[in-house]
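Here's the structure we're looking at; comments come further down.
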2 protein chains.
Amino acid sequence: MRYRKIPEETVRRLPVYLQGALHLSRRGGESTSSKELADLIGVEPWQIRKDFSYFGDFGTRGVGYSLGSLIGRINKILRLDTGHKAALVGVGNLGSALLAFPGFRVYGFEIVAAFDIDKRKIGRRKAGVLIEETTSLGRLSARGIHLGIIAVPETASQDIADALVKAGVRGILSFAPRRIVVPRGVKVITIDIAMDLARLPYYVAAG
Amino acid sequence: MRYRKIPEETVRRLPVYLQGALHLSRRGGESTSSKELADLIGVEPWQIRKDFSYFGDFGTRGVGYSLGSLIGRINKILRLDTGHKAALVGVGNLGSALLAFPGFRVYGFEIVAAFDIDKRKIGRRKAGVLIEETTSLGRLSARGIHLGIIAVPETASQDIADALVKAGVRGILSFAPRRIVVPRGVKVITIDIAMDLARLPYYVAAG
DNA sequence: GTTTGTGAATAGTTTCACAGCA
DNA sequence: TGCTGTGAAACTATTCACAAAC
């Protein structure tokens, strides 16, 4: 394998492959093939092989991929092998759902801190996590937290992002329907639920 | 403008342009330029002009775009000009948050029906919407509902998708972390929150 | 025989640079 | 002059087809 820049789309697909591999592993599988994995997750086998090829040899020709080593390799590439602590800001309807959401564990994430501006919520616990004052967002990196999740209203989202960056957060998952501007070296991924829904009627009409 | 196939990526950006145009309009603007809109939403001006060019002339050379006609054009292309009714299945933590979520209105969506399997929730109302039995999902298309939102546990998601399709739904927004298989003519958009978060550490480490 | 890994071909998308109009 | 609209160029990603390895 020769070195080439990792395509953006390949990075987007790696978590999908990881999820598929974890699924097969949980079902008791020991190994898989690009065909089996492809059928499971709904892509083409060559896409998987091509994507893996950017990172070196993953499998054995004529045999396939060991699920254990596959999961290990992808986890390492995505830096999911160490586990990550996240801070949630905004414990409203969506924030509460995220606190209770079990799916983060699959990838080794844990929400260990929650913040809200509403005085009545401060000091209470949701899903075992103490709700703290947003104004005392403080030094998250000192608490081992490098990821932030923004679930506050649109108008407050940029201020919260600024505070998170100041507190040492390097990666942000934002649910606010608005562009978040951050310094170089900080990555923001935005999930705009309504905007994703807004694409549906176009496809439905097109058939 | 000559006809060409609309690029997938262009369709993905149209809601972003629409949101930006709506934002400027709400702020009292009458018109805009590709530069202003681009700066607002964080893309390049030529990308906007190129995307619009697939659908014909949107603006006036030397002047810019009228916000009113721009919003009208994009709404029409995305089929958002008529408004859409959606059914929610799964009124757990996430489903409840979605019922209370005000952001859908921006694009003319309304959740008018909610379903759950939990007998204790049936008959109650959440955010003004009556919770009905999942088993009686019935004929949604007869109620003018052509979109479904899936917020049930992963294991039930495919069955719910099948039921929604049977009930006449043509577009599905799914929050289940799993591939949903549907017949031709039905479109599924999946939001896998944990999977999106799973990409973050990769970028954070890469800088 | 089976399945991986990968150059080469094809397809799709972004970026450029400027002609075309107001 | 100012800003749109768009072919052409540059870049990126997908798909193919097959040699290499077990």
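Every heavy atom of this structure was used, including side-chain atoms; hydrogens, water molecules and symmetry mates were not.
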| query | A:Pro7 has a side chain; which of D:dA13, D:dG5, C:dA22 sits nearest to it? | reply | D:dA13
| Among C:dT14, C:dC18, C:dA22, which nucleotide sits nearest the side chain of B:Thr60? | C:dA22
| query | Is any NZ, NE, NH1 or NH2 atom of the basic residue among A:Arg13 and A:Asp51 found under 4.0 Å from an Asp or Glu carboxylate oxygen of the other? | reply | yes
| message | Is there a side-chain contact between A:Tyr54 and the phosphate of D:dT12, meaning an N or O under 4.0 Å from OP1 or OP2? | response | no
| query | In whole angstrom, what separates A:Glu44's CD from C:dT4's P? | reply | 14 Å
| said: Among C:dT15, D:dG5, D:dT14, which nucleotide has an atom closest to any side-chain atom of B:Arg49? | reply: D:dG5
| query | Where the side chain of B:Gln47 is defined as all heavy atoms beyond and including C-beta, which of C:dT14, C:dT4, D:dG5 is the nearest nucleotide? | reply | C:dT14
| request: Would you mind classifying the nucleic acid contact of B:Ser34 as base, sugar-phosphate or nothing, using non-hydrogen atoms under 4.0 angstrom? | output: sugar-phosphate
| field | Distance below 4.0 Å between A:Arg61 side-chain N/O and D:dC18 OP1 or OP2 | value | no
| task | Give B:Arg12 one of three labels, base, sugar-phosphate or nothing, depending on what nucleic acid heavy atoms sit under 4.0 Å from its own. | result | nothing
| task | Round to a whole Å and report the spacing from CD1 of A:Ile48 to C1' of D:dC16. | result | 16 Å
| task | Can you measure from CG (A:Leu200) to CZ (B:Arg79) and round to the nearest 0.5 angstrom? | result | 13.0 Å
| said: Is there a side-chain contact between B:Arg13 and the phosphate of C:dT14, meaning an N or O under 4.0 Å from OP1 or OP2? | reply: yes
| said: Is the distance from the ring center of B:Phe55 to that of B:Phe52 below 6.0 Å? | reply: no
| said: Regarding B:Glu8, tell me which of base, sugar-phosphate or nothing describes its non-hydrogen contacts under 4.0 Å with the strands shown. | reply: sugar-phosphate
| request: Mark yes when over 12 heavy atoms from residues, nucleotides or ligands other than A:Ile117 sit less than 6.0 Å from its CD1; otherwise mark no. | output: no
| With sugar-phosphate meaning primed atoms plus P, OP1 and OP2, does A:Phe52 contact a base, only sugar-phosphate, or nothing at under 4.0 Å between heavy atoms? | nothing
| Contact class for A:Lys50 vs. all strands (heavy atom < 4.0 Å): base, sugar-phosphate, or nothing? | base
